[in-house]
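Shown next, in structure tokens, is the structure this report addresses.
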Amino acid sequence: MFERRLYHHIDWALIGAVVAICAIGLAMIYSTTGGAGPVYWTQVYALGIGAMALVLCLTFDYRSLADKSLFFYLAMMIALVGVLFFGAVRGGSRRWIDLGSFNLQPSEFAKATLALMLAKMLGEERRAALTNTDLALAVVLTALPFLAIARQPDLGTAVTLLPILLVVAFVAGLPMRYLYTLVLLAVLAAPIAYKFGLRDYQRERISTFLDPAQDPRGAGYQQIQARITVGSGGVWGKGYMQGTQGQLRFLPVAHNDFIFSVLAEEQGLVGVLVALGLYLFVIFRALDAARLAKDRLGAYLVLGVLSSFTFQVVYNITMSAGLAPVKGLTLPLMSYGGSSMIATLAGFGLILNVRMRRFTN
Amino acid sequence: MAIGEDKWRLTTRLNVLRVSVAVAFGLLACGFWFYQVVQHAKFKEMAENNHQRTLTLRAPRGIIFDRTGRLLVENRNSFNISIVREHTKDLDRTIRVLAAVTGVEEKIVREVVDRHRREPSYRPILVVQDATLAQVASVTARRLDFELPDVIVQEVPTRRYPDQEMAAHLIGYVGEASEDQMQSDRVTTGSLVGQFGVERVYNKLLMGEDGAKRVVVNSVGREIRTLEEIPPVQGRRVQLTIDYAMQKAAEDAFRAYGYFGSAVVLDPKTGEVLTLTSLPAFDPNDFATGIDRTTWNALNTDKLRPLQNRAIQGRYQPGSTFKIVVATAALEEGLITPERQIYCPGGGTFYGRFFACHLAGGHGYVDLRHAIEKSCNTYFYTVGNMLGVDKMYKWSEKLGLALKSGIDLPNEQESIVPSTEWKLKRTGERWYPGETISVAIGQGQLTVTPISMAVMMATVANGGTRVVPRLVKAHDEGKGWEPVKVPPSPFAPFLLKPETIAAVHDGLWLAVNGAGTAGRGRVAGRDVAGKTGTAQVISNQGKERARGKTDRDLRDHGWFVFMVPKDNPELAGVVFSEHGEHGYFSATVAKHVIETYFAQKDGLPLPVLPPPVPVAPPVRTVAATGPAGGTH
């Protein structure tokens, strides 16, 4: 359990950066939703619960948590399958468990759980090199929640599980030839997947990304508006709560998927660089935690959690500038979203946990 | 495998990840730099276009008054419903819903939208002009529900003509500016400019200056706040020379008796037009909010030609009224004295052909005064023959009967009085002296407009100053009435000899107050001087042949020209009634107008129109044998 000396090994710099990002996010939500409305307060509560989740994930030794990883994994799968049958429907997909006063999105918690599971499985392996059996098992363990989430359908969140598998397998010694084959296969399969694997609306999103002008009122609208939002911000921005694109709702879901665009509009390139710097600092700091980790289990756990986080950050910010197809992916720590906030902070609890216990036995 | 190697691999691969992340963030920073610094200007403009709109605030046109200050044209507010496609996601749906909500046929809405499809999407497409309050209410309700966010309701000043058809041809109407007018009037698409009558001619005075309002709108087009507002400037108030009561009296009289035609009354001293009417007319209110195609087609194809301004565009034979010109010319040329008597045995033979007078038994010896009074054809055959056609033309032009009057209305037709030169130019043939005889009593190739007839009467009335009729007395930009500057008359002044004036005025007075044909124009105590005339619709022989074979109205047109009072006239004018036969009816109209004028002048109650009197059957005392058959 929690010993007094561990307290001194907590990475306060990382916590400070995370808090700073959350504060920026909260300020942008306040700006785009026009003050302290229900959205703002939900985010404040989520931050509070997230802080508790962080402390909880910090308190127990990550190794004992890893020992129970199979239990967590099964609980997650039950929740994911359960939500398919009993979940609340919003916007055409079943993603939420209705808990009365708020809704829980189990897929958000799948990331950390999968990271824990894969870290446990590959990190406690005696052999140094990754065997094909290990790899196959890891693929299956990832595929199960992936398919369940994709069924909701929520391809965006499902895709965030893939970096966990890739990165953990990569550091666990995935032979480079596999990696090359994977890249080659992806290139070859892309057109086929585009033709047969995607739904119409998904295809439309991709084709309008390549040429937003072909449908400026429809699918290309958000992308064009995102670029206008970002570009019109300039170096210094239009000023806090002075943005026109976000404030006047030319940019949809500004407090959610496009919160970074609004930041760019109101705070300009300066604000963007500050935010990018904070995220980069958080990621590098977490990579340090992986490097410093006492064991492979700890390193893999940190990387698993971090990979999903990093992927989402990079993708969302790219999308915010209109440089990637619009996908319902939030910006972790900044976007409005209770489950996402709680799950992300819990994930950082695990990262802090590993770093904090690097000297313990 | 050694732990060291394992550790080394982990470190290496961690470094790969670290570098990858750094590169990704570097690229992102470059991306933001590119958009926010390099392309900032472009996106800034796009953002502004997104949320800023410049709305035109239409300027109300100037109000028009009559000479007594009575309102003739004003403005009212009407509502236009338009589609702004800029943020439309589903135009089809918008059209469908808008059609259902306003009750306009979907097909029509679609047609309108298709017609403007190529225009920039921020420009509103006007779908319903002058919407009813019910339409406005239901559209506004849908707008608030975000059902029709791309439909806007605009309040625009619109012309209102409270007296509908009254003076329609002279006041005119407004309509959307054509391409040419957008250039000449310097206005933008969709602006209303004058298209007819005073509205057209004085468009520059009447048209105000549109204002503009720059507003911030949100993504569904709702106005959030105003950034800047330039208020519109209303057009100048304009005072016409028209006298409301007289204008109305003339039109009422025509309508009461069921005739069409034209009446023009001038102030002979100044040329100010007191009355100018043309019937049948149209309702300029139909044009105020864009005329619909059915009404427009109906107006254009109507056989009665309601869009024609008969006062300046209708050309008719002057008939006996032309005798005034012949008399004046002969006196001024010194060919006769007023006392010179000519014997009328009921006609006369000129160039081997007999020309009949309308009174078979003849008028006996008549001097000029009585020749005018009784409209003796023989007298004027003789005098006309002495003058010759070119002298008649010369005096027609001097008095203002030939060519254009120069009134400030568009598309005036030239009045035609023949001359030898004119005939040679037109037909290549020389003039036959026999033709002169017909022209002397206002027949033959002689067609004049009512306005030029009125000018001729004014010249005779004022003793030789040919006035240019004009319609605008003053205008006001907001600093009080400014009289309109009258350009000097382009016509050389000349003075008629006093004995000419006395004789002609006497003759005309007798025609009304003596044994003449114009007794119906008599107004007790007012010394009306006037003359009737007949314009043949078809020759008498033709009339006989066509009897019962056509549904065309073959009755002749009737003129009545007048001045009042005889000495120092205050009014000079003309009433022309289509198929009004001999001008008896025209004289009745004139009488009502004259009575109205004096009643108003003396502050008495305006006269009431007497009940219709059946028009006397034509006095035909001579069988139609010559071209002069029916002229009085």
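These numbers come from the heavy atoms of this one structure, side chains and all, not from hydrogens, waters or symmetry mates. Proteins come first, then strands; the chains are lettered A, B, ... in the order of their sequence lines, and each starts at number 1.
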Where does [X] contact chain B at under 4.5 Å (heavy atoms): side chain, backbone, both or neither?
X	answer
A/T318	both
A/F260	side chain
A/L303	side chain
A/A293	backbone

Among B/T11, B/V37, B/V21, B/V216, which residue has the highest count of heavy-atom pairs closer than 4.5 Å to chain A? B/V21
A quick test of your reading: do over 12 heavy atoms of other residues, nucleotides or ligands sit less than 6.0 Å from [atom1] of [X]?
X	atom1	result
B/E45	CD	no
B/E111	CD	yes
B/E209	CD	no

Taking all non-hydrogen atoms of both residues, which atom of [X] and which atom of [Y] are closest, and how far apart?
X	Y	result
B/F25	A/V314	CE1-CG2, 3.8 Å
A/A264	B/F32	CB-CE2, 4.0 Å
B/Q36	A/V272	OE1-CG2, 3.6 Å
B/A29	A/L273	CB-CD2, 4.0 Å
A/L269	B/W33	CD1-N, 3.8 Å
A/L323	B/G31	CD1-CA, 4.4 Å

Below 4.5 Å, heavy-atom pairs only: which of A/V167, A/I317, A/V235 has the largest tally toward chain B? A/I317
Proximal component of B/V38, with respect to chain A [non-hydrogen, under 4.5 Å]: neither
B/L17 vs A/V171, side chain to side chain contact (heavy atoms under 4.5 Å, CB included): CA-CA, chis, key distance, verdict: CA-CA 9 Å; B/L17 291 176; A/V171 288; 4.1 Å; yes
Are side-chain heavy atoms of A/R291 and B/R18 found at a separation under 4.5 Å? yes
For a 4.5 angstrom cut-off between non-hydrogen side-chain atoms, does B/L10 reach A/Y300? yes
Atom pair [atom1] ([X]) and [atom2] ([Y]), whose distance is rounded to the nearest 0.5 Å:
X	Y	atom1	atom2	answer
A/S320	B/L28	OG	CG	9.5 Å
B/K42	A/I228	NZ	CD1	9.0 Å
A/I224	B/M46	CD1	CE	6.5 Å
B/F34	A/R227	CZ	CZ	10.0 Å

I need the contact set between residues 280-289 of chain A and chain B: heavy-atom distance under 4.5 Å, sorted by residue number. A/L280, A/I283, A/F284, A/L287, A/D288
